[in-house]
2 protein chains.
Amino acid sequence: MFFINSRDKTPIYEQLCRQAREQIALGVLKPGEPLPSVRSLSTELGINPNTIQRAYRMMEDEGLTVSIPGKGNFVTEDTDALQQDHRAKQCETVRRELAALKKLGGTKSDVLQLVDEVYGG
Amino acid sequence: MFFINSRDKTPIYEQLCRQAREQIALGVLKPGEPLPSVRSLSTELGINPNTIQRAYRMMEDEGLTVSIPGKGNFVTEDTDALQQDHRAKQCETVRRELAALKKLGGTKSDVLQLVDEVYGG
DNA sequence: GTAACTGTATTAATACGGTTAGTACAGTTA
DNA sequence: TAACTGTACTAACCGTATTAATACAGTTAC
């Protein structure tokens, strides 16, 4: 469910939080689904429990999960808003990158060809 | 020519190097054009000369500039390859972001609308 | 109730990297 | 010669990621 890219220079807790964000947006992590416990994920990944704790706290701060003391951490019940938000942000990213490509001389037909490659002719 | 975004968490020397990369790709920085001296840019931006030196070294390592001891740092003479390379990378970025958007449920018509917004109907 | 889980909080120590500071040396130019 | 230029080097400071070691409280199953 989670993994660590040691080549990635971003902090471990950010990697984990980002993965949760993406997997919720993709529907891989489903509403109410329990996450691994702090200690089990800690031993599984071979990192300190404090780092997991910080990742889980960040997930909860972003509204991705809810933390219930004594029980565990769970994916939030309403992932719909998160998915829509993530999709809107991705649209904005695409728009920004398209504008950058245009500035570099990329033509509309260049872009349309890229779209065809992704979506099929 | 260069500026520092203190809110940007990326290192100053990376910010400067990225700006050089972008401005060369956009044709703002022209082949052979001299860059500010290490010490003058240092005082202008209010940061340490060592940081500028590191940024300039990184630029040279990327082939963006050439450093001539006693004279200064200059934009490389052949910026064409750099521009083409930058444009190819930007195409790859757009393709990647498009694929991500598709995974999130973005339809082809959604994307085509974005393209129209950027390039005009 | 006890044991074994769960999350939470706190403090200290370590490690790494970015940045600053200061100095010194060598090439270039007027 | 003087005033630029880039380069090299060391030491120190600081913020942050990470580890380490505890301690406390809620939950669950026996």
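Numbered from 1 within each chain, the chains take letters A, B, ... in sequence-line order.
- Nearest-nucleotide positions on DNA chain D place B:E60 closer to the 5' end than the other of B:E60 and A:I47.
- In this structure, A:D61 places its CG atom 11 Å from P of C:dT8, rounding to the nearest Å.
- Between the B:D116 side chain and the B:Q113 main chain, no donor and acceptor come within less than 3.5 Å of each other.
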Under-3.5 Å N/O pairs linking protein and nucleotides 21-24 of chain D:
from: D:dA21; atom 1: N6; to: A:N50; atom 2: OD1; distance (Å): 3.3
from: D:dA21; atom 1: N6; to: A:N50; atom 2: ND2; distance (Å): 3.2

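- In this structure, B:Q15 contributes its side chain and B:N5 its backbone to a donor-acceptor pair below 3.5 Å.
- Using modelled atom types, no side-chain atom of B:Q90 and backbone atom of A:A100 make a donor-acceptor pair closer than 3.5 Å.
- Checking the phosphate oxygens (OP1, OP2) of C:dG18, a side-chain nitrogen or oxygen of B:Y13 falls inside 4.0 Å.
- Atom CD in B:E14 sits roughly 7 Å away from atom P in C:dG18 (whole-Å rounding).
- Looking only at distances, a side-chain donor or acceptor of B:Q23 sits under 3.5 Å from a matching main-chain atom of B:M1.
- Residues from residues 67-75 of chain B placing a heavy atom under 4.0 Å of any atom in DNA chain C, listed by number, are B:P69, B:G70, B:K71.
- Nucleotide C:dG17 holds its C1' atom 13 Å from the CE atom of B:M58, rounded to whole Å.
- Nucleotide C:dG17 has D:dC14 as its partner under the Watson-Crick or G-U criteria, with both atom distances under 3.5 Å.
- Annotation: proximity of residues 2-11 of chain B to DNA chain C (heavy atom, distance under 4.0 Å) is found for B:P11, numbered in ascending order.
- In this structure, A:E14 contributes its side chain and A:P11 its backbone to no donor-acceptor pair below 3.5 Å.
- One can place OH of A:Y56 at 18 Å from C1' of C:dA9, the figure rounded to the nearest angstrom.
- Checking side-chain atoms of A:S42 against main-chain N and O of A:I47 turns up a donor-acceptor pair under 3.5 Å.
- A donor-acceptor pair under 3.5 Å is formed between the side chain of A:Q83 and the backbone N or O of A:I24.
- Between B:D85 and B:K89 there is a salt bridge, since at least one side-chain N of the basic residue sits less than 4.0 Å from a carboxylate O of the acidic one.
- Distance B:I52 CD1 to C:dA21 P: 13 Å, rounded to the nearest Å.
- Candidate nucleotides D:dT7, C:dT6, D:dT5 were compared by shortest atom distance to the side chain of A:S37, and C:dT6 ranks first.
- For B:T51, counting side-chain heavy atoms from C-beta on, the closest listed nucleotide (D:dT5, C:dT20, C:dG7) is C:dT20.
- Distance CD (A:Q15) to P (D:dT16): 19 Å, rounded to an integer number of Å.
- Scanning all heavy atoms of the two residues, the minimum distance from A:T65 to A:Y56 falls at OG1-O, 4.1 Å.
- Electrostatic pairing of B:E60 and B:R57 does not count as a salt bridge here, judged by no charged N lying under 4.0 Å from a carboxylate O.
- The nucleotide C:dA30 finds its pairing partner in D:dT1, both defining distances of the Watson-Crick or G-U wobble pair being shorter than 3.5 Å.
- Between B:Q53 atom CD and C:dT20 atom C1' the separation is 13 Å, expressed in whole Å.
- At distances below 3.5 Å, not a single donor-acceptor pair connects side-chain atoms of B:T79 with backbone N or O atoms of B:L82.
- When every heavy atom of A:M58 is checked against every heavy atom of A:C17, the shortest pair comes out as CG-SG, 3.5 Å.
- Between the C1' atom of D:dT16 and the CD1 atom of A:I12 lies a distance of 13 Å, rounded to the nearest Å.
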